[in-house]
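Scope of the values below: all heavy atoms of this structure, side chains included, with no hydrogens, waters or symmetry mates. Chain letters run A, B, ... following the sequence lines, proteins first, then strands; residues in each count from 1. This is a predicted model, so every value here is computed, not measured.
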Amino acid sequence: MMQSVEQLQSLISRCEKQRKAHKMRLEICSGGGCTASGALQVAAALEAELDERNLRTMIESVYTDDGCGGSVAVGTGCQGFCEKGPLVRVQPGSVLYTHVTPDDAVDIVDGLVNHTIVERLLYRNPTTKKSITKESDVPFYKLQEKITLRNCGYIAPDEVNEYLATGGYQGLIKALQMGPEAAIAEVLQSNLRGRGGGGFPAGRKWSIAAGVSADQKYIICNADEGDPGAFMDRSVMEGDPHRLLEGMMIAGFAIGASVGYIYVRAEYPLAIDRLEAAIAEAEALGLLGKNILGSGFSFNLRIKEGAGAFVCGEESALISSIEGRRGMPKPKPPFPAVSGLFGKPTVINNVETLANIPDILHYGHQWFRSLGTDASPGTKTFALSGDVENTGLVEVPMGTSLRQLVFDIGGGIRGGQPFKAVQIGGPSGGCLTEAHLDLPVDFDSLQSVGAMVGSGGLVVMDANTCIVEVARFFMNFTQMESCGKCVPCREGTRRMLEILQKIVEGRGSIEDLDHLQEIGAAVRIGSLCGLGKTAPNPVLSTMELFRKEYLSHVVDKRCPAGVCKGLRRYLIDEQACKGCSRCAKACPVDAISGTIRQPYTIDQDSCIKCGACKDVCNFDAVEEVA
Amino acid sequence: MLQTEPQRHLGILQRLDTVMQRLGQQPSTLIPMLQEIQDEYRYLPEDLLTYVATALNVSPATVYGVATFYAQFSLEPKGKYVIQVCDGTACHVRGSMPVYEAICKKVRLIDGKATTDDGLFTVESVSCVGACAAAPVVTINGEVYGKMTPDAIVVIIDTLDKRGDEVS
């Protein structure tokens, strides 16, 4: 139990020293992507191999009084390069092994012991075909700059000493020493903007809440990462939970809150386990509880499990949900910073925002402002997914261009296909095209072209993606997640979805495009919260950028990408057809007719495009035409 | 170990009491209590909803409102194997729907129904599970399968034990 700042300082220095003294380490990525590709089996095989040779040291022993030798195998949070998983990093040297299988355990441990490298497991540059030993030389990692993910993938998330060894809780010490006003000033001057999507300055929220006098204040961490295509918050919570805890403690201290809530999606059970374990560790160390480090500041943390509602990412809906009600937004003002949870002043920050706080306090606002752009300082995490070569999790300085993200870090489009668009900002965001590739990615530049940073999901799409279908997909999502409170959102999203459904099924008309625009404008103006206000974005932005594609759907009844089933046509090749009548018998709607041993034909008006004829034809005579 | 129904009911009532003791007998404890029930039964039996309403002194209508608002809660019993097909953006563009269709075909689910008649499988599409890099992703009772194809998932379903043993 730490009684004072000095005691914590000396524990930190001891951990740093012992960590440095301990050289041999296998860091096995146990993030979501690697686990899905078999990382747990790899970890078990490596541990067994170390055991077999009597080399294995448990991670706790590294931080015991006299430290120790041997090799540790740690399961870390997401290392980012999910595409090449399961990943194993060998220390010393940060040697990165990709696509590791349990069978590789013997060779990896051999390499660890003999200081040699397992050549065949190294990452190979796809153009030069040369293998790369060190992780930081791999193009995927080279352009990255990490703050919130600094430890994620490097440390054992369930061992607080690992966090302390990287300088953890130094930000808290700084904050306690400088006092609440100075801590808020530091965050204000850093111009850290909310990473949940809005981009509102975090320091401003804090100073409003600090300025209200109340017997109780709250700090809430919004960890309801609901945007499809985003998993950075999950990675921070799973890979470096103490960073989030420290950020919340500093926020609590700054605004005078004694209780903090972390509102996590129930879909992230591992994140919840890790946070619970981290909270228990912090309590045991005296970093949570009464009179923390003798400062007089008392703070407790509780976890609230979300129950599956996207709208709860909105501040007032999230508060309603914690209070035990349906997650429905309320009009603002009053803003939560003035009257929030249980009517008390409440600051709500998202995971990534809070994960920046410890370093801002530790290294100062000048350091933070030296990264990123003037109006959007710092870094941003992005989840790269979709049709890109290197899917994964990255963190880059704000203002990095889309081209660098997709092509330099992301390795370009999968299979060398042509690039079509990037969807950014999830169901609230928009699409960006070739023309936007050199746009710096920051809050204001994206807003100027009708997209938004959002939480940072970056879904890359190649030419085989139908943009109208993607718009329908997002509308389907927001329509389902609309809480139903505001009529324009509840009814408008439903009507927009119906129209889009009609279009992808090939029943659309040119008037439908006008209707989409008209209803979209109404939903935008007439909805209370961000969900409704931004729901039309994916449709309206793609209608502007890909008008031609919409027109081919409604006028020519063609889907250029060949995705929309309803617009496909089935034709019988007269040359190949033997007139066996199998297709006619298989057709559920009797749309195929003909005479035996003569070519058959499909009546396009009654065809329901089920494809049954193509499935049964023995002569490949049925063609599918986009 | 197999439990009889009354034993199971008694067990859940005790667990609900523990939740109330920990979080207080107040409306904000409603969602954690429903989560406890959902966790045990994988749906919310009606009599327990009434019990929760009485215990927290809120109206049954409020409880019903909350129970139907959140996607995590179900008022219908779910199958032994809950198969969730992620239909987040990344999974969607990488072909989650053909995987979904293959599963429905495999377990013989016809339009609109989510659970098979024998109570073995529940198939649902969910929004992002946060494993986008492994898209398309399917989870079966929480276990994650990445980079799925319509053929691969059928093989995995075949390997599931279908004889009705207890699932962990």
Side-chain angles (χ1 to χ4, degrees), chain A residues 31-37 78 81-83 85 225-231 233-235 265-269 302 304-310 312 321-328 342 383-387 391-393 423 426-427 457 459-462 465 469-470 473-474 477 480-481 483, chain B residues 22-24 26-36 38-39 52 56 58 62-74 84 86-98 101 124-139 142-148:
Chain A
C34 285
T35 303
S37 45
C78 182
F81 206 177
C82 312
E83 181 66 37
E225 184 173 56
D227 271 13
F231 55 97
D233 293 350
R234 170 187 178 156
S235 302
R265 309 173 73 192
E267 287 90 336
Y268 289 175
R302 292 175 198 156
K304 275 275 172 184
E305 239 179 86
F310 178 66
C312 288
S321 180
I322 295 184
E323 290 171 348
R325 288 179 285 124
R326 284 187 268 174
M328 285 181 163
F342 304 117
L384 269 179
S385 63
D387 299 318
T391 56
L393 186 66
Q423 209 285 337
V459 185
V460 180
M461 295 178 244
D462 69 11
T465 315
E469 211 287 320
V470 168
F473 164 78
F474 279 115
F477 180 82
M480 277 201 303
E481 295 294 344
C483 78
Chain B
R22 193 161 50 87
L23 301 173
Q26 56 199 14
S28 63
T29 309
L30 173 56
I31 294 174
M33 282 174 85
L34 295 183
Q35 284 170 330
E36 200 73 36
Q38 177 77 37
D39 191 40
V52 169
L56 294 177
V58 292
T62 305
V63 176
Y64 185 78
V66 169
T68 50
F69 184 84
Y70 294 99
Q72 192 190 8
F73 302 129
S74 162
Q84 295 186 320
C86 179
D87 196 27
T89 321
C91 289
H92 188 79
V93 303
R94 294 290 288 274
S96 57
M97 278 302 107
E101 282 156 18
E124 39 196 41
S125 84
V126 294
S127 48
C128 198
V129 299
C132 315
V137 174
V138 174
T139 70
E143 194 165 330
V144 182
Y145 298 88
K147 300 195 173 162
M148 274 300 117

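Ranked by heavy-atom pairs shorter than 4.5 Å toward chain A, the options Val93(B), Leu23(B), Thr29(B) are led by Val93(B). Taking Gln423(A), Glu481(A), Glu469(A), Glu225(A) one by one and counting their heavy-atom pairs under 4.5 Å with chain B, the maximum is reached by Glu469(A). Of all the listed residues (Gly229(A), Gly32(A), Gly392(A), Gly426(A)), the one sharing the greatest number of non-hydrogen pairs under 4.5 Å with chain B is Gly229(A). For the set Ala383(A), Ser385(A), Gly327(A), the count of heavy-atom pairs under 4.5 angstrom toward chain B peaks at Gly327(A). When the candidates Ile31(B), Leu30(B), Leu34(B) are compared by the number of heavy-atom contacts under 4.5 Å with chain A, Ile31(B) comes out ahead. Note on Cys312(A), Gly306(A), Pro427(A): by heavy-atom pairs under 4.5 Å with chain B, the leading option is Gly306(A).
Interface remark: Arg302(A) contributes no atoms to any contact with chain B (heavy atom separation under 4.5 Å). Heavy atoms closer than 4.5 Å to chain B are found nowhere in Asp233(A), neither backbone nor side chain. For a residue to count as touching a neighbouring chain, one of its non-hydrogen atoms must lie under 4.5 Å from one of that chain's; by this rule Val129(B) touches chain A with the backbone only. Contacts of Arg326(A) with chain B are made by both backbone and side-chain atoms, with heavy-atom separations under 4.5 Å. For a residue to count as touching a neighbouring chain, one of its non-hydrogen atoms must lie under 4.5 Å from one of that chain's; by this rule Cys483(A) touches chain B with backbone and side chain alike. Only the backbone of Ala230(A) comes within contact range of chain B, with heavy atoms under 4.5 Å apart. For Thr465(A), the part lying near chain B is the side chain, with the backbone staying farther off; criterion is any non-hydrogen pair under 4.5 Å. Residue contact with chain B, scored on non-hydrogen atoms closer than 4.5 Å, is absent for Ser235(A).
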Criterion side-chain contact (heavy atoms from CB on, under 4.5 Å) on Glu305(A) and Gln72(B), from CA distance to verdict: CA-CA 11 Å; Glu305(A) 239 179 86; Gln72(B) 192 190 8; 4.3 Å; yes

Between Gln26(B) and Leu56(B), does the side-chain contact (heavy atoms from CB on, under 4.5 Å) criterion hold? Intermediate values first, please. CA-CA 6 Å; Gln26(B) 56 199 14; Leu56(B) 294 177; 6.0 Å; no

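Remark: side-chain polar atoms of Asp87(B) are not paired, donor with acceptor, to backbone N or O of Val126(B) under 3.5 angstrom. In this structure, the side chain of Thr62(B) does not engage the main chain of Val58(B) through any donor-acceptor pair within 3.5 Å. A donor-acceptor contact shorter than 3.5 Å links the side chain of Arg94(B) to the backbone of Gly386(A).
Ion pairing between a basic and an acidic side chain is recognised when a charged N comes within 4.0 Å of a carboxylate O; Glu323(A) and Lys304(A) show no such pairing.
Applying the ring-ring contact (aromatic ring centres under 6.0 Å, His included) criterion to Phe73(B), with sequence neighbours excluded, gives no partner residue. For Phe477(A), the ring-ring contact (aromatic ring centres under 6.0 Å, His included) partners at least two apart in sequence or on another chain are Phe310(A).
What you find for Pro228(A) and Cys128(B) is that their closest heavy atoms are CA-CB, 3.4 Å.
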